Enquirer: 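Sharing a structure here in structure tokens format.
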Amino acid sequence: MLANQTQNLRNNWSRDEILCLFDLPFNDLLFQAQTVHRQNFNPNEVQLSTLLSIKTGACPEDCKYCPQSARYDTGLPKEKLLQIEKVVEAAKAAKASGSSRFCMGAAWRSPHDRDIPAIEAMIREVRDLGLETCMTLGMLSETQAEKLSEAGLDYYNHNLDTSKEFYGDIITTRTYQDRLDTLSNVRKSGMKVCSGGIVGMGEEQKDRAGLLMGLANLPKHPDSVPINMLVKVAGTPMEAEEDLDPFEFIRTIAVARILMPKSYVRLSAGREEMNEQMQAMAFMAGANSIFYCDKLLTTPNPKANSDMQLLNRLGISPEKSSIEKDNQQQEADLHQAIAEQQTDHLFYRAG
Ligand code: SAM
Ligand code: DTB
Ligand code: SF4
């Protein structure tokens, strides 16, 4: 039996069923999503992830949305793989500002095997700071996924990006099946899967439904589902794309929450262009994770203090990292064990 089925999670959604959810009256959809959210999560906690671009620009791929593709002139300065000291410095700052996960991204089609030792060192050092680790480096072979997992990488991000049908309009240098293969290699290695997509690229509602169907019908739901609103960058083929209706964006979040009840749904790129009311509505629809950093990979994100103010005004707290939770649990277990030992000792003496 598939792991999802043991938890009553479905991975046989049809597109029509998903489109019926999209078609619900807005309040009914939000109520259903918020109900599912409350059954599975603390509705007043949001997970915070900090992003760092560890290798910027000059990417050989042709993803039409991306400022880092070498094919478009976006004026982005190119950078080689960052020195480990710079990565650790940024990770320490992320930890100090209250983030629980550090996500490192590289503008690669896939990592070269020669880069793997440096990548493994980054994973070890960041994890030693008590942060969860995530990377997004492009396609991974089975062996590469195993190596990253062994080095302690908690999450690997690799997005489906859009529906299978619309995919060819956006990227031609790698296939949808290539993406599924990488996700399968990541799963097999034991790492957690972070996979989502982008909306606002001129796709139709059936494509947004198709993206969510692709994610929800994976053999196991991704642990984390980033929903990005396209950031329109001058010089990319999508610079003048029409805005997506904000309510349609919220609907996409709500449907993701309903289809993947136990996954973290991340209100991802695009927050800089969203007002606070829209972000609050995304949390109401079931989003429970954000990128918390002044810069995404190459484009601006809201400032950390304005995010903290927003979360405070909404009565939302940052979620503790699983490492911190584990440490606290270990400490509690230790105290319990000591207390039990002391009691045993007393009983022994009394007897
Ligand atoms: N190069 C690797 C890859 O593509 O697999 C990893 C980095 S890539 C920048 C990670 C993801 O960022 C993409 O899959 C895409 O979903 C998202 N992304 C890139 N540019 C974006 C944009 N302009 N707006 C929203 N999301 C974007
Ligand atoms: C994801 O889904 N979104 C992030 C992360 N995974 C790597 C990236 C967003 C990039 C937005 C454009 C930029 O800043 O370059
Ligand atoms: Fe390269 Fe990733 Fe950007 Fe595509 S999304 S162009 S693979 S950096």
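All values reported here derive from a predicted model rather than from experimental measurement. Whatever order the structure lists ligands and atoms in, that order sets their numbers, starting from 1.
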Enquirer: Purely on distance, is any nitrogen or oxygen of Trp108 under 3.5 Å from one on ligand 1?
Expert: yes
Enquirer: Show which atoms of ligand 3 fall inside a sub-4.0 Å distance from at least one heavy-atom site of Cys59.
Expert: 1 (Fe), 6 (S), 7 (S), 8 (S)
Enquirer: Among all protein heavy atoms, pick the one closest to atom 4 (C) of ligand 2 and tell me residue, atom and distance.
Expert: Phe291 CE1, 3.6 Å
Enquirer: Side chains of Asn288 and Gln47: donor-acceptor distance under 3.5 Å anywhere?
Expert: no
Enquirer: Just going by heavy-atom distances, which of Ile170, Ile198, Ile171, Leu230 is nearest to atom 26 (N) of ligand 1?
Expert: Ile198
Enquirer: How does Thr299 reach ligand 2, by side chain, by backbone, by both or by neither, if only non-hydrogen atoms under 4.0 Å count?
Expert: both
Enquirer: If you measure from each non-hydrogen atom of Asn159 to ligand 1, which part falls under 4.0 Å: side chain, backbone, both or neither?
Expert: side chain
Enquirer: Name the one of Arg187, Lys192, Lys262, Arg266 that satisfies salt bridge (Lys or Arg N to Asp or Glu O under 4.0 Å) with Asp223?
Expert: Arg187
Enquirer: For atom 8 (S) of ligand 1, state whether the nearest protein heavy atom is under 4.0 Å away.
Expert: no
Enquirer: For atom 5 (O) of ligand 1, state which one of Arg174, Glu61, Arg109 supplies the nearest heavy atom.
Expert: Arg174
Enquirer: Just checking: Cys66, one of its N/O/S atoms, less than 2.8 Å away from atom 4 (Fe) of ligand 3, yes or no?
Expert: no
Enquirer: What part of Val233, side chain, backbone, both or neither, has a heavy atom within less than 4.0 angstrom of ligand 2?
Expert: neither
Enquirer: With a 4.0 Å cut-off on heavy atoms, does Met104 reach ligand 1?
Expert: no
Enquirer: Check whether any heavy atom of Lys232 sits under 4.0 Å from an atom of ligand 1.
Expert: no
Enquirer: Side chain, backbone, both or neither: which part of Thr298 comes within less than 4.0 Å of ligand 2 when only heavy atoms are counted?
Expert: both
Enquirer: Taking the non-hydrogen atoms of Cys63, is any one of them nearer than 4.0 angstrom to ligand 1?
Expert: no
Enquirer: Go through ligand 3 atom by atom and flag the ones less than 4.0 Å from a non-hydrogen atom of Ala107.
Expert: 8 (S)
Enquirer: Return yes when Gly138 approaches ligand 1 closer than 4.0 angstrom through a heavy atom, no otherwise.
Expert: yes
Enquirer: With a heavy-atom distance limit of 4.0 Å, tell me whether Pro67 approaches ligand 2 through its side chain, its backbone, both, or neither.
Expert: side chain
